[in-house]
Amino acid sequence: MRKQIVAGNWKMNKTFQEADELINSILEYIKKDENTAEVVICPPSLYLELASDQANDTTLMIGAQNMSCNGFGAFTGEISAPMLASMGIDYCILGHSERRKYFNESHEMLAGKVEMALKHGIAPIFCCGEQLPERESGNHFNVVKEQIEKALFHLPESDFSKIVLAYEPVWAIGTGVTATSGQAQEMHLYIRNLIKDKYGDDVAQETSILYGGSCNAKNARELFSNPDVDGGLIGGASLKAEEFIKIVRAFD
Ligand code: 13P
């Protein structure tokens with residue numbers, strides 16, 4: 001059975017002290033109960049060591065929000081997959097719409113980042129999703145198809161099967177407007193069928209596809225009840241331990 005995952009993308013939020021507190025609070029909840037879903041937090045890279053140390057010997061998984069497509073070298077300000085791997089980081093979010101928009105990340109660059117992550121044993125949480133005009137013009141399936149095909153479909157099956165996908169419609173990110181349960185399921189099924197056509201049904205059935213975009217403690221249960229929605233990539237609602245844990249519990 002494919003994994004159910006709830007991942008928190010903290011984006012550029014929290015001071016060091018606040019991050020410390022939030023990680024501790026999340027761990028308090030996680031240690032108390034058995035969780036159905038795997039729980040991942042993706043703090044700013046500056047706090048990865050803190051998170052990784054605190055999560056040691058717990059089931060909490062740690063992810064980065066970005067990494068370079070290069071291994072080492074003269075790339076001021078960047079962090080690389082071998083660095084993340086050397087710190088025991090499990091996941092890295094790649095292809096987030098904010099990185100595509102503000103940092104001009106192209107399909108080609110993302111293909112390189114995905115390969116680099118996989119080469120160093122880091123599982124990409126690969127984001128895809130359309131903007132509002134693209135949905136309004138009925139082009140949303142094509143946009144998502146292109147994002148997935150161009151950055152991922154050159155991979156051999158053994159590599160592709162390590163990837164987690166996240167459908168994040170850009171119009172739902174940070175807006176308070178969530179995709180309806182029907183819209184989410186429709187796109188997730190479409191994505192699963194793309195994978196099936198390329199890699200076969202076994203790989204498609206094993207690939208976790210998360211939903212992201214104004215997912216919160218109130219709407220998570222309904223979104224996650226869809227057969228092809230395997231969890232969430234949570235932004236704003238992952239910044240408060242209690243709210244985030246309610247989303248984790250939406251599976252129970
Ligand atoms: P919000 O949950 O704040 O809408 O953000 C979603 C997101 O971008 C997660 O990567």
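In what follows, residues are counted from 1 in the order of the sequence shown. In each ligand, atom 1 is the first atom listed, and ligand 1 is the first ligand listed. Everything quoted here is computed from the prediction, not taken from an experiment.
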Tell me, yes or no, whether the heavy-atom count around Asn70 atom CG, taken from other residues, nucleotides or ligands under 6.0 Å, exceeds 12.
->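 Enclosed.
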Crowded around Gln205 CD? As in, over 12 foreign heavy atoms under 6.0 Å?
->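 Check passes, neighbour count above 12.
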Would you check if the distance from the ring center of Phe224 to the ring center of Tyr211 is below 6.0 Å?
->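 Here the rings of Tyr211 and Phe224 have centres that are no less than 6.0 Å from each other.
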Using a heavy-atom cut-off of under 4.0 Å, does the side chain or the backbone of Ala172 touch ligand 1, or both, or neither?
->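 For Ala172, only backbone atoms sit under 4.0 Å from ligand 1.
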Location of contacts on Leu233 toward ligand 1, heavy atoms closer than 4.0 Å =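 Both of them.
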Which option out of Ala237, Gly235, Gly176 puts a heavy atom nearest to atom 2 (O) of ligand 1?
->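 Shortest heavy-atom distance from atom 2 (O) of ligand 1: Gly235.
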Could you list the atoms of ligand 1 found under 4.0 angstrom from a heavy atom of [X]?
X	answer
Gly236	1 (P), 2 (O), 3 (O)
His96	7 (C), 8 (O), 9 (C), 10 (O)
Glu168	6 (C), 7 (C), 8 (O), 9 (C), 10 (O)
Gly213	4 (O), 6 (C)

So His96 and Glu168, side-chain hydrogen bond (donor to acceptor under 3.5 Å, both in side chains) or not? Walk me through it.
-> CA-CA 8 Å; His96 194 282; Glu168 298 207 313; 3.1 Å; yes
Got an N/O contact under 3.5 Å between Glu98 and ligand 1?
->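 Such a contact does not occur with ligand 1.
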If you measure from the Lys or Arg side-chain nitrogens to the Asp or Glu carboxylate oxygens, is any gap between Asp230 and Arg192 under 4.0 Å?
->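 Salt bridge: yes.
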Report yes or no: do Asp20 and Gln54 form a side-chain donor-acceptor pair below 3.5 Å?
->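 Yes.
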